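Computed over heavy atoms, backbone and side chain alike; hydrogens, waters and symmetry mates excluded. To find a chain, count down the sequence lines: A is the first, B the second, and so on, and within it residues start at 1. Given the structure is predicted, the values throughout are model-derived calculations rather than measurements.
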Amino acid sequence: DAKTTQPNSMESNEEEPVHLPCNHSTISGTDYIHWYRQLPSQGPEYVIHGLTSNVNNRMASLAIAEDRKSSTLILHRATLRDAAVYYCILRDDKIIFGKGTRLHILP
Amino acid sequence: EPEVTQTPSHQVTQMGQEVILRCVPISNHLYFYWYRQILGQKVEFLVSFYNNEISEKSEIFDDQFSVERPDGSNFTLKIRSTKLEDSAMYFCASSDRGRITETQYFGPGTRLLVL
């Protein structure tokens with residue numbers, strides 16, 4: 001499985017947008033970029049995924065660089081409930097979790 | 001919204017004892033998974049299961065572990081003789097057809113403590 005690099009932690013103010021970066025310079029053409037998050041004391045939860053084009057859903061947006069070597073998860077308006085560990089995952093098969101980014105939301 | 005459920009939420013056992021962790025995947029899903037997360041560490045893949053067979057397993061999933069779908073709804077993880085290092089959160093997940101574009105839905109986990 002190709003590897004991803006994410007910052008260990010980030011902070012954001014409540015009700016402001018959050019941009020969570022992920023580098024995946026060794027991504028292959030068949031790898032999908034998935035994001036999951038893990039709220040405190042809960043199981044991982046799917047957020048969004050994409051291949052080449054930017055994607056939007058009710059939870060977030062995913063911006064994928066043209067060369068696909070990086071991507072950014074965008075939470076448009078962070079709430080306290082968005083405080084979690086966010087995992088950027090390249091999938092060509094099973095899910096392999098890295099350490100993720102711990103997102104702190106400041107009230 | 002359908003969800004994956006797991007029982008028990010917490011289990012304490014003595015080293016060497018057998019434990020069975022239970023999961024009820026989402027009803028129309030065909031692919032099932034177990035993961036574990038040792039406190040403060042990453043979520044680790046253990047095993048995937050489809051059509052009553054193990055599809056893939058990690059190095060962690062040794063002979064002490066087994067999985068079973070004993071009926072149409074439950075999916076179980078058995079640890080035959082628990083060790084202290086088996087203490088972790090165990091998450092079950094399921095997906096519809098197992099494709100890499102598909103979401104895996106995770107349960108809330110079972111916290112296993114081996115004494």
Residues B:Phe75, B:Phe49; criterion side chain to side chain contact (heavy atoms under 4.5 Å, CB included); working and verdict | CA-CA 9 Å; B:Phe75 178 51; B:Phe49 190 85; 3.6 Å; yes
Under the side chain to side chain contact (heavy atoms under 4.5 Å, CB included) criterion, do B:Gln37 and B:Tyr35 qualify, and how do the steps go?
-> CA-CA 7 Å; B:Gln37 186 174 32; B:Tyr35 295 80; over 6 Å; no
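Both the backbone and the side chain of B:Thr103 come within less than 4.5 Å of a heavy atom of chain A. In this structure, no portion of A:Leu51 lies under 4.5 Å from any heavy atom of chain B. For B:Glu56, the part sitting under 4.5 Å from any heavy atom of chain A is the side chain, from C-beta outward, and nothing else. Contacts of B:Glu3 with chain A are absent, with no heavy-atom separation under 4.5 Å from either backbone or side chain.
B:Val114 and B:Ser87 get closest at one heavy-atom pair: N-OG, 2.8 Å. When all heavy atoms of B:Phe91 and A:Gly43 are compared, the pair lying nearest together is CE2-CA, 3.3 Å.
Ranking A:Pro44, A:Ser41, A:Gly50 against chain B, the residue ahead of the rest is A:Pro44, based on heavy-atom pairs under 4.5 Å.
Crowding of A:Asn8 atom CG: a count of heavy atoms from other residues, nucleotides or ligands under 6.0 Å not exceeding 12.
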